Each structure stands twice: as structure tokens, then as C-alpha cells.
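Before any comments, here is the structure.
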Amino acid sequence: DVAFRHVAAFQRAHDAAGRAMTLRVYTARVSYRGEDRFDVTRVTADKHRKAHGAAHPGEPFAPSWAILNPAIEHRDAVRRFLVDNQAAVVTLDGAMWRLYERAYLAEMRESCRRHRAAWEALLRREVVTLCCFCTDATQCHRTALGHALAKLGAQYHGERTGTWTS
């Protein structure tokens, strides 16, 4: 995508200038409290906007309610109606995740076009831990974002594990 390529070119240009600017990306649950914590949840973005009248730094990376609500409703319905069929739950969750991930990445391509400065600022960091409420990192937008940032030149190191308070 053109927007992602422009941001990737920005990252490479800074590297070519001699700076060691390769972003190291981690992911974690929202309870992570390290200095590199970067909340990319829609809930936090909305609360911040309501309280401060301005965008939260993670808002350009948060999924919209337009894709979140159907995914949450699907997850809840599957668990409610297929409580005794774990294989069906896994299959349906996987299918929903693939649809959700595709929609999220489409939103991020648009976000990259509309909020280029936010993307460039994120890529200028040395390290970031993308945080979200999801318990399963394999089916969470924080992981999809980590992989997208890796395509832009960052190094994705996966999920932080254990108890993190600093």
C-alpha cells in the first residue's frame, strides 16, 4: 500500500542518516506498566477524548467500534451457544479473527494516510510495547499492529510475558 510504503521510506531515510532508529516492538496486556507502554485500545482513546477533548496518542492505532462491536458480539454469541463444543468455538473464532484482522489492517492503512505524523513518531521510538485488553495475543490487534510495524522496518519481538510493573 502506498501509505505504508511512504512511512517505510521515512524509516529507511532516518536509518540511512546514520541513526540507530530501528524500533523494537513488543506486545502485552493493558496491565503492563513499563515506560515503553503504548495503549492502543479504543476504550482508552474514547475516554481520553471525552476527558481532554483531544486525541490520545494511541488513537490512530486503535480499532474502530465498527469492527470491534461485531467481533465482540460474535465472540460472546459463539461462547454462549456453543459452550459444549470447543472445536466449533475454536473454528468460528479463527474465522472471525481472520475477518477482523483484515478489516483492522485496512483501517490501519487509512490511519497511516490520515495520521502520518503519528506513525512516523511511533517509528522514531527505540522501543514500544503495544497494549490491549485482549487475553489472547494471537487474536488481538496489538499483534497485527506489531507485524504491520515490522513490515515498515521495525523489529517485532512478540508478547511480553510475566508480571510487568516497570
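Bear in mind the structure is a predicted one, so any value in this text is a computation, not a measurement.
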Looking at every non-hydrogen atom in both residues, tell me the closest pair between [X] and [Y] and how far apart they are.
X	Y	answer
Tyr104	Ala144	CD2-CB, 4.1 Å
Tyr156	Ala150	CB-CB, 4.1 Å
Ala154	Val25	CB-CG2, 3.8 Å

Check whether any side-chain N or O of [X] sits under 3.5 Å from a backbone N or O of [Y] as a donor-acceptor pair, and report yes or no.
X	Y	value
Thr129	Arg37	no
Ser111	Pro60	yes
His52	Ala54	no

Practice problem: If a pair satisfies side chain to side chain donor-acceptor pair (under 3.5 Å) and one of its residues is in residues 71-80, list it, with sequence neighbours excluded. | Solution: Arg79-Asp93
Self-check item: Residue pairs involving residues 94-103 (criterion side chain to side chain donor-acceptor pair (under 3.5 Å); sequence neighbours excluded)
Solution: none
Value rounded to 0.5 Å, distance of [atom1] in [X] from [atom2] in [Y]:
X	Y	atom1	atom2	answer
Leu23	Leu123	CG	CG	6.0 Å
Asp136	Arg29	CG	CZ	10.0 Å
Ser64	Glu110	OG	CD	11.5 Å
Leu149	Gln155	CG	CD	12.5 Å
Leu122	Phe38	CG	CZ	5.5 Å
Glu120	Leu152	CD	CG	10.5 Å

Decide whether [X] and [Y] are clustered together by the hydrophobic rule: side chain heavy atoms of Ile, Leu, Val, Met, Phe, Trp, Tyr closer than 4.5 Å, transitively.
X	Y	result
Leu68	Leu105	yes
Phe81	Val90	no
Trp65	Val30	yes

Practice problem: Tell me who clusters with Val89, hydrophobic residues only, linked when side chains sit under 4.5 Å apart either directly or through other members. | Solution: Val78, Leu82, Leu92
Exercise. Output the rest of the hydrophobic cluster of Tyr26: all Ile, Leu, Val, Met, Phe, Trp and Tyr residues reachable through side-chain heavy-atom contacts under 4.5 Å, sorted by chain and number.
Key: Val127
Exercise. Kindly state each residue pair satisfying salt bridge (charged side-chain N to carboxylate O under 4.0 Å, His left out) with at least one member in residues 48-60, sequence neighbours excluded.
Key: Arg42-Glu59, Arg49-Glu59
Quiz prompt | Those residues that, when tested against Glu159, pass salt bridge (charged side-chain N to carboxylate O under 4.0 Å, His left out) (two or more places apart) | solution = Arg142
Exercise. Check whether any side-chain heavy atom of Glu107 sits under 4.5 Å from a side-chain heavy atom of Ile67, and report yes or no.
Key: yes
Quiz prompt | Side chains of Met108 and Trp119 in contact at under 4.5 Å (non-hydrogen atoms) | solution = yes
Quiz prompt | Test: Asp36 and Arg160 ion pair at under 4.0 Å | solution = yes
